[in-house]
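Numbered from 1 within each chain, the chains take letters A, B, ... in sequence-line order. Worth knowing before you read on, the calculation uses all heavy atoms, side chains too, and leaves out hydrogens, waters and symmetry mates.
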There are 2 protein chains.
Amino acid sequence: MNEIELKRRATVHDVARAAGVSLATVDRVLNGRAGVRAATAEKVAAAIAAIGFQRDLSASLLARGRDLRLTFIIPDGSNEFMASLADAVSARADQALAERMHIQTRRVRALDGAALAASLDALNPHDCDCAIIVASQEPAVVAAVDAASRRGVAVMTLVSDLPGTQRRLFIGIDNVAAGRTAASLMGRFLPQGGSVAVIAGSLHLADHIDRLAGFRAALEAEFADIPLLGPIEGHDERSETQAIVGDLLKRHPDLGGIYNLGAGNGGLVAALEASGRGGAIRVIAHELTEPTRRGLRSGAIDVVLDQNPDGEIRAALAAARTLALGDNRTVVADPIEIGIFLRDNLR
Amino acid sequence: MNEIELKRRATVHDVARAAGVSLATVDRVLNGRAGVRAATAEKVAAAIAAIGFQRDLSASLLARGRDLRLTFIIPDGSNEFMASLADAVSARADQALAERMHIQTRRVRALDGAALAASLDALNPHDCDCAIIVASQEPAVVAAVDAASRRGVAVMTLVSDLPGTQRRLFIGIDNVAAGRTAASLMGRFLPQGGSVAVIAGSLHLADHIDRLAGFRAALEAEFADIPLLGPIEGHDERSETQAIVGDLLKRHPDLGGIYNLGAGNGGLVAALEASGRGGAIRVIAHELTEPTRRGLRSGAIDVVLDQNPDGEIRAALAAARTLALGDNRTVVADPIEIGIFLRDNLR
DNA sequence: CTGCTCATGAGGTACGTGCCTCATGACCTA
DNA sequence: TAGGTCATGAGGCACGTACCTCATGAGCAG
């Protein structure tokens with residue numbers, strides 16, 4: 001009656017038997033070692049497909065006495081979200097180690113393509129299986145990603161993608177959708193006759209570009225009469241963003257809303273509070289961090305769109321494990337959801 | 001220069017050495033076998049704590065030639081969310097198997113405590129390490145959960161909790177917060193002078209009770225002048241809910257909003273569309289399923305609060321692995337976020 | 001002291017995989 | 001035909017843990 005041990009996982013032994021070869025040959029094929037005729041390798045590959053063999057990652061790591069080595073490269077600076085991303089990484093480090101994943105984190109100057117590229121160039125497959133980077137779209141970074149990939153260091157992008165490169169996977173939200181959502185909420189909340197200003201961090205960041213595109217498209221489609229100011233680049237810096245917002249508020253008395261699709265929210269909130277126009281302007285920002293939380297509570301910010309750094313790190317770790325199986329099929333990660341936060345559902 | 005193999009994970013050998021006992025004794029302690037004096041067990045426990053030993057789950061499962069056995073018990077019926085929960089389980093089955101977790105799913109009649117209890121009673125530790133159930137608050141279920149726990153079958157609750165029992169963990173959203181969020185959005189979106197009706201599935205479900213409490217409290221605090229109708233129980237059934245909504249619309253011409261905190265949304269949307277008052281009533285519902293998606297697109301529903309079944313299953317599997325380490329410390333799971341969906345950010 | 005129980009140690013095998021050595025035999029070339 | 005190269009097989013050891021058997025010695029009751 002009990003259906004215990006119905007199915008047994010296929011092992012390398014099963015593959016050997018099915019392919020009519022020895023264990024050693026299966027091993028040579030699986031681990032890409034030389035000394036196997038193409039025809040024999042074919043037989044083995046066919047057997048693997050036929051019986052649906054999947055390498056046992058844990059046993060493999062155990063046998064090699066080796067942990068998976070991951071390197072996170074995260075922008076440094078006054079961007080609170082990046083800090084929380086780094087925090088999320090260290091919060092997972094212990095759990096990851098228990099699953100034989102060794103995590104290293106490096107911080108590089110934000111929006112500095114050369115620094116990111118240099119950091120990538122320093123990685124070699126001997127001590128890093130996979131690099132997880134927050135990419136900016138610059139030629140040096142593109143080249144470094146492809147070079148790392150050729151060297152045998154898999155690369156995944158986090159938060160901001162780098163399409164058209166050898167990066168194996170992007171972990172992050174659908175930023176076009178995020179921009180659309182911002183537009184739709186802005187349109188609903190905006191008082192009659194106001195204009196909307198858009199602030200971005202950098203137009204070299206894929207995520208910011210995507211948000212802007214989504215925001216523009218949705219606003220045009222649903223609220224075509226709302227005038228748009230910007231985008232203005234605040235470089236994700238607190239002080240620069242503060243200056244921009246202060247200036248906007250001073251020079252545009254008709255300003256009804258601000259969409260900050262980048263970081264620097266400390267400056268955003270400070271400028272709003274200093275202006276005395278706090279609750280009168282509809283403000284949408286990104287990422288639940290200390291300044292945006294404060295802004296939500298005080299009413300300076302109406303909506304925060306969030307991408308849940310902790311969930312992203314979790315997804316990245318899971319994806320890295322899958323990548324490590326050496327699967328050359330496309331790896332898919334669980335999608336990261338866009339969180340919408342109002343004053344009322346603050347975590 | 002390279003910092004390879006800085007730290008080695010502690011093994012049972014290290015524990016034996018640190019405690020000054022043999023491997024066999026460490027093994028007896030770790031696996032709760034008899035034949036160890038209390039004083040010796042103490043020494044081993046102290047050594048484990050001192051060197052921070054953590055059992056390697058993968059190696060353990062490998063050695064036992066045994067998968068972790070998990071049983072999901074999910075309500076059956078016309079509740080689309082429960083269907084998507086079951087789908088999420090089967091979607092993860094393969095991946096779980098690759099990590100040596102064997103998943104079984106059972107469906108039992110919704111809101112039928114006796115059926116759920118019987119299903120739990122049928123589980124024995126020989127073929128089930130952990131049961132994951134969607135609980136309803138009934139004495140038979142409480143008893144069955146505690147009995148299973150005593151028998152050696154760990155129990156976790158999913159979606160709807162069962163506090164005051166031996167259940168090891170609850171995986172789900174903060175339903176009080178969800179109710180508060182619904183109230184806050186309803187208050188903002190509601191036209192002047194309308195009343196709000198609340199529909200629940202069952203007041204035996206902890207999640208529904210919590211949502212109701214949160215909704216009431218927040219509405220009272222922020223929008224005390226909005227009259228409340230209900231709660232009316234729709235038993236998470238499509239047709240019953242449809243009848244309730246049709247009746248509400250007919251008998252309350254001043255009705256401004258509906259908060260359906262349970263399921264049966266197919267009926268909700270059908271009744272709204274049939275009434276011709278589609279877009280005029282502010283409607284908030286739970287769970288992104290086929291009917292609520294349709295409702296969002298057509299404008300019949302304004303907001304859907306979602307709890308991401310796929311993420312819940314993932315969290316449940318991760319938690320089950322942690323539980324299996326036999327850790328008697330409290331296990332914590334990643335929190336599940338409340339998703340807020342408007343027409344604009346539909347996945 | 002004898003005979004017993006019981007805590008503990010010693011050491012083996014197994015799990016699935018990686019990596020190593022060595023032997024064998026087929027085939028090619030000079 | 002001799003010598004070489006090369007594909008393949010056979011088998012062992014290791015990783016961290018589980019589980020088994022057997023030996024040893026301490027402690028105790030009679």
Side-chain angles (χ1 to χ4, degrees), chain A residues 5 7-44 47-48 51-68 97-100 102 129 321 324-327, chain B residues 5 7-44 47-48 51-68 97-100 102 129 321 324-327:
Chain A
E5 306 306 343
K7 48 186 106 176
R8 209 174 45 86
R9 299 162 44 76
T11 75
V12 281
H13 299 269
D14 301 322
V15 175
R17 207 174 315 118
V21 301
S22 75
L23 248 185
T25 297
V26 172
D27 180 72
R28 286 187 263 257
V29 172
L30 276 179
N31 297 290
R33 275 185 274 276
V36 181
R37 259 196 311 242
T40 312
E42 283 290 323
K43 275 199 304 182
V44 173
I48 288 176
I51 67 179
F53 167 77
Q54 252 200 295
R55 185 201 309 246
D56 182 328
L57 216 216
S58 297
S60 165
L61 291 174
L62 177 60
R64 282 188 294 196
R66 185 186 192 291
D67 286 1
L68 226 48
L97 205 58
E99 290 161 22
R100 305 194 98 87
H102 182 88
D129 300 293
R321 279 186 87 86
L325 287 171
D327 226 328
Chain B
E5 309 304 345
K7 48 187 105 177
R8 209 175 45 86
R9 299 160 43 75
T11 74
V12 280
H13 296 86
D14 301 323
V15 175
R17 209 174 312 118
V21 300
S22 75
L23 247 186
T25 296
V26 173
D27 180 72
R28 287 187 263 255
V29 172
L30 276 178
N31 296 290
R33 275 185 272 278
V36 181
R37 257 195 312 240
T40 313
E42 284 289 323
K43 276 200 304 184
V44 173
I48 288 176
I51 67 179
F53 167 78
Q54 254 198 290
R55 186 200 309 246
D56 183 328
L57 215 215
S58 297
S60 164
L61 290 174
L62 176 60
R64 281 187 293 196
R66 184 187 193 291
D67 286 1
L68 226 48
L97 204 59
E99 290 161 20
R100 305 194 99 86
H102 182 88
D129 300 293
R321 279 186 86 85
L325 288 172
D327 228 326

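For R55(B), the side-chain hydrogen bond (donor to acceptor under 3.5 Å, both in side chains) partners two or more places apart in sequence, or in a different chain, are N31(B). Take T40(B) and apply the side-chain hydrogen bond (donor to acceptor under 3.5 Å, both in side chains) test, not counting sequence neighbours, and it matches no residue. Checked against side chain to side chain contact (heavy atoms under 4.5 Å, CB included), A19(A) has the following partners two or more places apart in sequence or in another chain: V21(A), V44(A), A47(A). Listed by chain and number, the residues in a side chain to side chain contact (heavy atoms under 4.5 Å, CB included) with L62(A) are R100(A), A59(B), L62(B) (sequence neighbours excluded). For R17(B), the side chain to side chain contact (heavy atoms under 4.5 Å, CB included) test picks out H13(B), D14(B), with sequence neighbours left out. With sequence neighbours excluded, the residues that form a side-chain hydrogen bond (donor to acceptor under 3.5 Å, both in side chains) with R64(B) are S60(B). For A41(A), the side chain to side chain contact (heavy atoms under 4.5 Å, CB included) partners two or more places apart in sequence, or in a different chain, are V29(A), V36(A). Every residue meeting the salt bridge (charged side-chain N to carboxylate O under 4.0 Å, His left out) condition with D27(A), not counting sequence neighbours, appears here in chain and number order: R33(A).
F53(B) places none of its side-chain heavy atoms less than 4.5 Å from the side chain of V26(B). Inter-residue side-chain proximity for D56(A) and T11(A) is flagged as unmet; no heavy-atom pair is nearer than 4.5 Å.
Toward the 5' end of DNA chain C, the nearer of the two residues A59(B) and A41(B), judged by each one's closest nucleotide, is A41(B). When the nearest nucleotides of DNA chain D are assigned to A38(A) and A63(B) by heavy-atom distance, the more 5′-ward of the two goes with A38(A).
For the pair D56(A) CG and dG18(C) P, the interatomic distance rounds to 9 Å; values are reported in whole Å. What separates CZ of R64(A) from P of dC20(C) is a distance of 12 Å, to the nearest Å. One interatomic measurement links the two molecules: CG of L62(A) to C1' of dG18(C), which rounds to 10 Å at whole-angstrom precision. In this structure, CG of L61(A) is placed 12 Å from P of dT17(C), rounded to the nearest angstrom. Put simply, CG on D67(B) is 10 Å from P on dG16(C), counting in whole angstrom units.
Of the residues in residues 22-37 of chain A, those lying under 4.0 Å from DNA chain C by heavy-atom distance are D27(A), N31(A), R33(A).
At its two ends the helix from dC1(C)-dG30(D) to dA30(C)-dT1(D) runs along axes set 40° apart, each axis drawn from five pairs and the angle rounded to 10°.
Using a 4.0 Å cutoff to heavy atoms of chain A, the contacted part of DNA chain D runs 5' to 3' from dA7(D) to dG16(D).
Taking 4.0 Å as the cut-off between side-chain N and carboxylate O, D129(B) and R321(B) do not count as a salt-bridged pair.
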